[in-house]
Amino acid sequence: MINITLPDSSVRQYPEGVTGVEIAKSISEGLARNVLSIQVNDEIWDATRSISSDSKIKLLTWSDPEGKATMWHSSAHLMAEAIELLYPGVKFGIGPDIENGFYYDIDFGNYPISSDDFPKIEKKILELAKEKQNFLRKDVAKTEAIGYFTGKGDEYKVELLQGLEDGQITFYESGKFTDLCRGPHIPDTSFIKAIKLLSIAGAYWRGDEKRKQLTRIYGISFPKQKELDEFLVFLEEAKKRDHRKLGKELELFAFSQKVGLGLPLWLPRGAALRERLEMFLKKVQKKAGYEQVMCPHIGNVELYKTSGHYQKYGESSFRPITTPVEGEEFFLKPMNCPHHCEIYKVKPRSYRDLPVRLAEFGTVYRYEQSGELHGLTRVRGFTQDDAHIFCTPEQVKDEFKGVMDIVMLIFKALNFKDFIVQISLRDPENKEKYIGSDENWEKAERAIREVAEERGLNTVIELGEAAFYGPKMDFMVNGFHGEGCPWPEMAARHYPG
RNA sequence: GCCGAUGUAGCUCAGCUGGUAGAGCAGCUGAUUUGUAAUCAGCUGGUCGGCGGUUCGAAUCCGUCCAUCGGCUCCA
C-alpha cells in the first residue's frame with residue numbers, strides 16, 4: 001500500500017500502482033467521469049498512469065488550467081490523427097496546447113489546404129473522438145524512436161529526437177496515430193465533445209524565419225457543446241470591443257494609405273482624449289519629481305552609434321536622412337533615450353544632484369515589417385510617455401519603487417485591474433549580448449525582483465528577455481479578449497560614455 | 001518580410017458556374033408628434049482596391065501591385 005495525500009491534506013491508502021482514475025472513483029463516480037489528468041507531486045501525469053510510491057496528488061478536471069491544457073494537448077494529437085487519415089503522407093512538427101486551445105504545425109507537402117477544409121477535419125476528429133481511443137504511453141529507446149520516424153519520413157520529429165536524451169523519450173499512441181510526446185493525455189478521446197478549428201497560418205519551423213514554413217492550424221475543444229457555443233459568443237463580443245472598430249466608430253483615429261501604413265492620424269475627438277490623458281500624466285510626473293524636456297524628431301547617426309542602438313536596431317529603422325551639402329546622416333528618432341542622456345550631459349553634475357528625472361512625450365518612428373502592424377498597438381510612428389532617471393546604484397531600488405508606484409497610481413485611475421507583471425532578465429548563457437558590468441546587472445536585477453516582491457506583485461520572470469542595456473519590467477494589461485498587451489515598461493540601463 | 005484569407009455605396013453585407021451593380025442602416029427631402037436603438041414615403045450616393053491580360057463582353061476568370069485581417073518572425 002502507498003500513501004496518497006489529497007489537496008485537503010488528508011491521506012488515503014491505495015495499492016501500489018493505483019491510477020488517478022481509480023483514486024477519483026474511490027472519491028466519487030462523477031469526479032471519475034471528469035478527471036482529465038493528475039498532478040503527482042510536481043508533475044502532471046496521465047490519469048491512467050500507475051503511481052508506485054507515496055505521493056501528493058491533485059486530480060485535474062476542466063476547471064483546472066492544467067486539466068484544460070491536457071484536454072487541448074490531446075486534441076492536438078487527435079487533430080493530427082484526423083489529418084493524417086485525410087491527407088496521408090503529411091509530416092508533423094510540433095503540436096502543443098496554448099492559452100486558448102492548441103495548434104499543430106504540419107508540412108502538408110503538395111496538398112492545398114485552407115480554412116475551407118476545416119469542416120471536413122472537424123467532422124473526422126469528432127468521429128475519432130467517439131471511438132474512445134486510449135492514449136498509450138510507451139518508453140522508447142532513442143535509436144528505435146529515430147528509426148520509427150525515419151521510416152515514416154517525419155524529418156521534423158527526427159530532428160526533435162536528435163536533441164533529446166536517450167532514456168527520457170516517450171511515445172503516445174492513440175488510434176492509428178503515434179507521436180513523440182512527453183504527455184500527459186486525457187484518459188480517452190471521448191472526453192472531447194466539441195471542437196472548432198479557428199485559423200490557419202504559416203509558422204517557421206522552430207521559430208526560425210530562415211527555415212521552412214509549416215502550416216499551423218489552431219483549434220480549441222471543449223467537454224460540452226454548450227461551452228464551445230459560449231466561447232464563440234465570447235469571440236464575437238471581443239470583436240465588438242476591438243479598439244480598431246471603436247476608434248473608427250467614435251472617430252478617434254484613422255489611417256490613410258496616402259499618409260502611409262502604420263502612421264495613425266488623430267481625429268479631433270481622439271486628439272482631445274489624448275490631450276486629457278497627457279495632462280493627467282504630466283501632473284502625476286511633476287508631483288513625483290520629473291522635469292519635462294523636449295527633443296527634435298531627428299538625431300545624428302553618431303548619437304545612436306554611441307548609445308549602441310545603431311548596431312542593434314539600425315537595420316530596423318527608417319533609412320537615414322542626408323543633408324544635401326555636407327552629407328551628414330540623421331535618423332528619424334527611433335527612441336528618446338540617447339537624447340535624454342545628452343540633456344543630462346549638458347552640464348557637469350554632482351552626485352548631490354541625483355537623481356535627475358527627465359520626462360518627455362517623445363514621438364518616435366520605427367520601421368516595423370508590414371505584417372507586424374496592428375491598429376494602434378503596433379505602428380511606425382507613435383508617442384512614448386518616456387522618462388529617464390539618472391541615479392547612483394544605491395538609488396536604483398528606490399527609484400524603481402517610485403516608478404512602480406506611479407504605474408500603479410495610473411492603472412488605478414484608468415481602472416486597469418487585470419494585468420500581469422513580467423520581469424525580463426538577461427540570458428545567463430549569453431552574457432556577451434548585453435552591455436555593462438556583471439556587477440551592475442546583478443544589482444539592477446536584484447533591485448527589480450526585490451521591489452516587485454515588496455509590493456506584492458504577481459510576477460512572471462523571463463530569462464533572456466531583457467533589453468541589451470538592462471533588465472526590464474513590463475506590465476501586460478489584459479484586454480477584453482484576454483490577450484496580453486504590453487503597456488508600461490521600465491528598465492534599468494547602463495550607458496557608455 | 002513570410003504563410004493564409006479578404007477588399008462591392010459613409011457603415012454592415014448580398015451578387016451561383018462572365019452579359020455593363022443590389023439590400024438594410026446612415027444621409028437628404030417631405031409626412032408623422034407617436035415614451036425612449038431603428039414611424040412612413042421618396043431621393044441622393046459606387047471608375048465593384050489599383051494596374052495589366054483573356055473575352056464580343058469581367059465585380060465575376062488569369063497575372064501583378066497595394067491595403068486590411070488571422071498567424072509566424074521581430075518588438076529599442
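Labels below follow one simple rule: chain letters A, B, ... track the order of the sequence lines, proteins then strands, and each chain is numbered from 1.
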>> My understanding is that only residues two or more places apart in sequence, or in another chain, count here; which of them pass ring pair (Phe, Tyr, Trp, His ring centres under 6.0 Å) with A:Tyr111?
In response: A:Tyr87
> What residues form a ring pair (Phe, Tyr, Trp, His ring centres under 6.0 Å) with A:His73, not counting sequence neighbours?
Replying inline: A:His77, A:His185
Please report the distance, rounded to the nearest Å, between [atom1] in [X] and [atom2] in [N].
| X | N | atom1 | atom2 | result |
| --- | --- | --- | --- | --- |
| A:Leu197 | B:rA5 | CG | C1' | 16 Å |
| A:Gln422 | B:rC75 | CD | P | 13 Å |
| A:Lys312 | B:rC74 | NZ | C1' | 11 Å |
| A:Asp105 | B:rG70 | CG | P | 19 Å |
| A:Leu373 | B:rG71 | CG | P | 14 Å |
| A:Lys248 | B:rG10 | NZ | C1' | 10 Å |
| A:Phe382 | B:rC75 | CZ | P | 14 Å |
| A:Glu249 | B:rC25 | CD | P | 18 Å |

Run the side-chain contact (heavy atoms from CB on, under 4.5 Å) test against [X] and tell me which residues pass, sequence neighbours left out.
| X | result |
| --- | --- |
| A:Lys193 | none |
| A:Glu439 | A:Ser437, A:Lys443 |
| A:Leu273 | A:Leu252 |
| A:Ser317 | A:Phe331, A:Pro334 |

>> What contact category does A:Arg244 fall into here, base, sugar-phosphate, or nothing, at under 4.0 angstrom with non-hydrogen atoms?
In response: sugar-phosphate
Distance between the [atom1] atoms of [N] and [M], in whole angstroms?
| N | M | atom1 | answer |
| --- | --- | --- | --- |
| B:rG53 | B:rG57 | P | 12 Å |
| B:rC2 | B:rC61 | C1' | 27 Å |
| B:rC25 | B:rA21 | P | 23 Å |
| B:rU6 | B:rC65 | C1' | 16 Å |
| B:rC43 | B:rG24 | P | 12 Å |
| B:rG27 | B:rC11 | C1' | 12 Å |
| B:rG63 | B:rU73 | C1' | 28 Å |
| B:rG70 | B:rU34 | P | 48 Å |

Give each protein N/O atom lying under 3.5 Å from an N/O atom of nucleotides 2-4 of chain B, with the pair distance.
unit_1	atom_1	unit_2	atom_2	d
B:rC2	O4'	A:Tyr204	OH	3.4
B:rC2	O2'	A:Gln213	OE1	2.2
B:rC2	O2	A:Gln213	NE2	3.0
B:rC3	O4'	A:Gln213	OE1	2.6
B:rC3	O2	A:Gly202	N	3.0

> Between A:Lys472 and B:rA76, is there a side-chain N or O to OP1/OP2 distance below 4.0 Å?
Replying inline: yes
> Which residue pairs satisfy the ring-ring contact (aromatic ring centres under 6.0 Å, His included) criterion with at least one member in residues 191-216 of chain A, sequence neighbours excluded?
Replying inline: A:Tyr156-A:Trp205
> Can A:Gln422 and A:Glu465 be counted as having a side-chain donor-acceptor contact under 3.5 angstrom?
Replying inline: no
> Hey, is the main chain of A:Glu66 close enough, under 3.5 Å, to the side chain of A:Asp64 for a donor-acceptor pair?
Replying inline: no
>> Judged by each residue's nearest nucleotide on RNA chain B, which is more toward the 5′ side, A:Asp242 or A:Met335?
In response: A:Asp242
> Toward the 5' end of RNA chain B, which comes first, A:Arg380 or A:Gly207, by nearest nucleotide?
Replying inline: A:Arg380
> Among residues 254-269 of chain A, which contact RNA chain B at a heavy-atom distance under 4.0 Å?
Replying inline: A:Gln257, A:Leu261
So which nucleotide from [options] ends up closest to the side chain of [X]?
| X | options | value |
| --- | --- | --- |
| A:Tyr218 | B:rC72, B:rA76, B:rC69 | B:rC72 |
| A:Arg378 | B:rC74, B:rG1, B:rC11 | B:rC74 |
| A:His374 | B:rA76, B:rU73, B:rG70 | B:rG70 |

>> Let me check I have this right: for RNA chain B, each base becomes ., (, ), [, ] or |, based on Watson-Crick or G-U pairs with both distances under 3.5 Å. What is the full string?
In response: (((((((..((((.....[..)))).(((((.......))))).....(((((..]....))))))))))))....
> Aromatic rings A:Phe231 and A:Phe222: how do their planes relate, parallel, tilted or perpendicular, breaks at 30° and 60°?
Replying inline: tilted
> Please, which pairs that meet side-chain hydrogen bond (donor to acceptor under 3.5 Å, both in side chains) have at least one residue in residues 247-261 of chain A, sequence neighbours excluded?
Replying inline: A:Lys245-A:Glu249
> Taking only residues two or more places apart in sequence, or in another chain, which ones meet A:Lys196 in a side-chain hydrogen bond (donor to acceptor under 3.5 Å, both in side chains)?
Replying inline: none
>> For the CG atom of A:Leu425 and the NZ atom of A:Lys472, what is their distance to the nearest 0.5 Å?
In response: 11.0 Å
